[in-house]
Amino acid sequence: QVQLVESGGGSVQTGGSLRLSCAVSPYTFSDDCVAWFRQAPGKKREGVAAHLLSDTMTNYAGSVNGRFTISLDNGNDMIYLQMNSLKPEDSARYYCALQRHTSGGRCQPGLTIDEYTYWGRGTQVTVSS
């Protein structure tokens with residue numbers, strides 16, 4: 001049973017930083033992709049950042065590009081999202097997601113919900129002005 005568990009959320013002021021963590025078990029494959037999504041109250045869930053596990057290929061939403069960084073550790077079983085220069089509009093529940101590769105080859109680190117099969121329960125981020 002694949003499990004993703006997020007942590008690291010909290011409350012910060014505008015301009016502050018947070019680092020979210022996601023523990024993936026029992027294992028990942030190098031051709032899988034992982035991503036962070038977020039959902040604010042009354043809004044659709046949106047992709048924030050994605051990463052192909054086997055190399056440095058990443059993908060960011062325009063709203064966070066240059067402020068957020070997705071990274072990996074521990075044999076690709078830990079996924080991080082470093083968030084800097086936070087704004088009130090970044091307030092949301094943040095979710096970690098996993099996309100398994102297919103027999104056709106490695107996945108693409110996309111930012112759409114339908115690409116991802118496994119999801120965590122999320123961690124709340126609140127940015128006050």
Side-chain angles (χ1 to χ4, degrees):
Q1 183 79 3
V2 175
Q3 279 194 316
L4 297 94
V5 180
E6 303 93 337
S7 62
S11 297
V12 296
Q13 292 188 328
T14 298
S17 297
L18 280 175
R19 189 174 84 152
L20 305 183
S21 300
C22 173
V24 185
S25 63
Y27 54 82
T28 58
F29 296 100
S30 60
D31 285 344
D32 292 345
C33 291
V34 291
W36 287 95
F37 286 75
R38 67 186 181 186
Q39 187 167 18
K43 295 188 176 181
K44 294 182 179 179
R45 190 170 297 189
E46 61 174 355
V48 173
H51 200 311
L52 171 63
L53 296 185
S54 63
D55 67 17
T56 58
M57 185 185 297
T58 56
N59 188 12
Y60 293 93
S63 59
V64 306
N65 199 18
R67 299 188 298 123
F68 290 12
T69 303
I70 185 171
S71 61
L72 315 170
D73 199 358
N74 195 27
N76 295 338
D77 290 337
M78 289 296 296
I79 318 301
Y80 302 102
L81 184 68
Q82 178 67 41
M83 306 186 296
N84 298 328
S85 301
L86 282 162
K87 306 174 182 180
E89 51 264 44
D90 294 318
S91 296
R93 190 163 187 85
Y94 283 72
Y95 298 87
C96 180
L98 172 69
Q99 176 192 163
R100 289 294 194 201
H101 70 287
T102 66
S103 59
R106 65 185 188 180
C107 66
Q108 294 297 314
L111 295 176
T112 57
I113 296 173
D114 292 345
E115 296 175 274
Y116 294 85
T117 305
Y118 303 99
W119 294 82
R121 294 186 177 184
T123 185
Q124 182 67 37
V125 171
T126 303
V127 185
S128 59
S129 57

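For this chain, numbers begin at 1 and follow the sequence in order.
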Considering all heavy atoms, the nearest P109-C33 contact | N-SG, 3.6 Å
Name the one of I79, N59, V64 that satisfies side-chain contact (heavy atoms from CB on, under 4.5 Å) with I70?
-> I79
What's the shortest heavy-atom distance between S17 and S85, and which atoms?
-> OG-N, 4.3 Å
For atom CD of E89, is the number of surrounding heavy atoms from other residues, nucleotides or ligands below 6.0 Å larger than 12?
-> yes
Derivation of the side-chain contact (heavy atoms from CB on, under 4.5 Å) call for V34 and L72 | CA-CA 9 Å; V34 291; L72 315 170; 4.0 Å; yes
When you check the gap from the basic side-chain N to the acidic O, do R38 and E46 get nearer than 4.0 Å?
-> yes
Hey, does E6 have a side-chain heavy atom less than 4.5 Å from the side chain of Y95?
-> yes
When every non-hydrogen atom of A61 is compared with those of G47, the smallest separation belongs to CB-O, 3.4 Å
F37 and W119 aromatic centres sub-6.0 Å | yes
Would you say T123 and S7 make side-chain contact, with heavy atoms under 4.5 Å?
-> no
Would you call D32 and R106 a salt bridge, taking side-chain N to carboxylate O under 4.0 Å as the test?
-> no
To the nearest 0.5 Å, tell me how far W36 CH2 sits from T69 OG1.
-> 13.0 Å
Could you go through the salt bridge (charged side-chain N to carboxylate O under 4.0 Å, His left out) check for R100 and D31 one step at a time?
-> CA-CA 7 Å; R100 289 294 194 201; D31 285 344; over 6 Å; no
So how far is it from R67 CZ to Q82 CD, rounded to the nearest 0.5 Å?
-> 12.0 Å
Do F68 and V12 belong to the same hydrophobic cluster, where Ile, Leu, Val, Met, Phe, Trp and Tyr are linked whenever their side-chain heavy atoms lie under 4.5 Å apart, directly or via other members?
-> yes
Test Y80 against L20 for side-chain contact (heavy atoms from CB on, under 4.5 Å), laying out the working first.
-> CA-CA 5 Å; Y80 302 102; L20 305 183; over 6 Å; no
Would you say V48 and L111 make side-chain contact, with heavy atoms under 4.5 Å?
-> no
Closest heavy-atom contact between C107 and H101?
-> N-CB, 4.1 Å
Might you point out which heavy atoms bring P26 and V2 nearest each other, and give the distance in Å?
-> CD-CA, 4.0 Å
Can we call the ring centroids of Y118 and Y116 under 6.0 Å apart?
-> no
Could you tell me which non-hydrogen atom of V125 sits nearest to which non-hydrogen atom of D90, and how far apart they are?
-> CG1-O, 4.4 Å
To the nearest 0.5 Å, tell me how far R19 CZ sits from N84 CG.
-> 11.5 Å
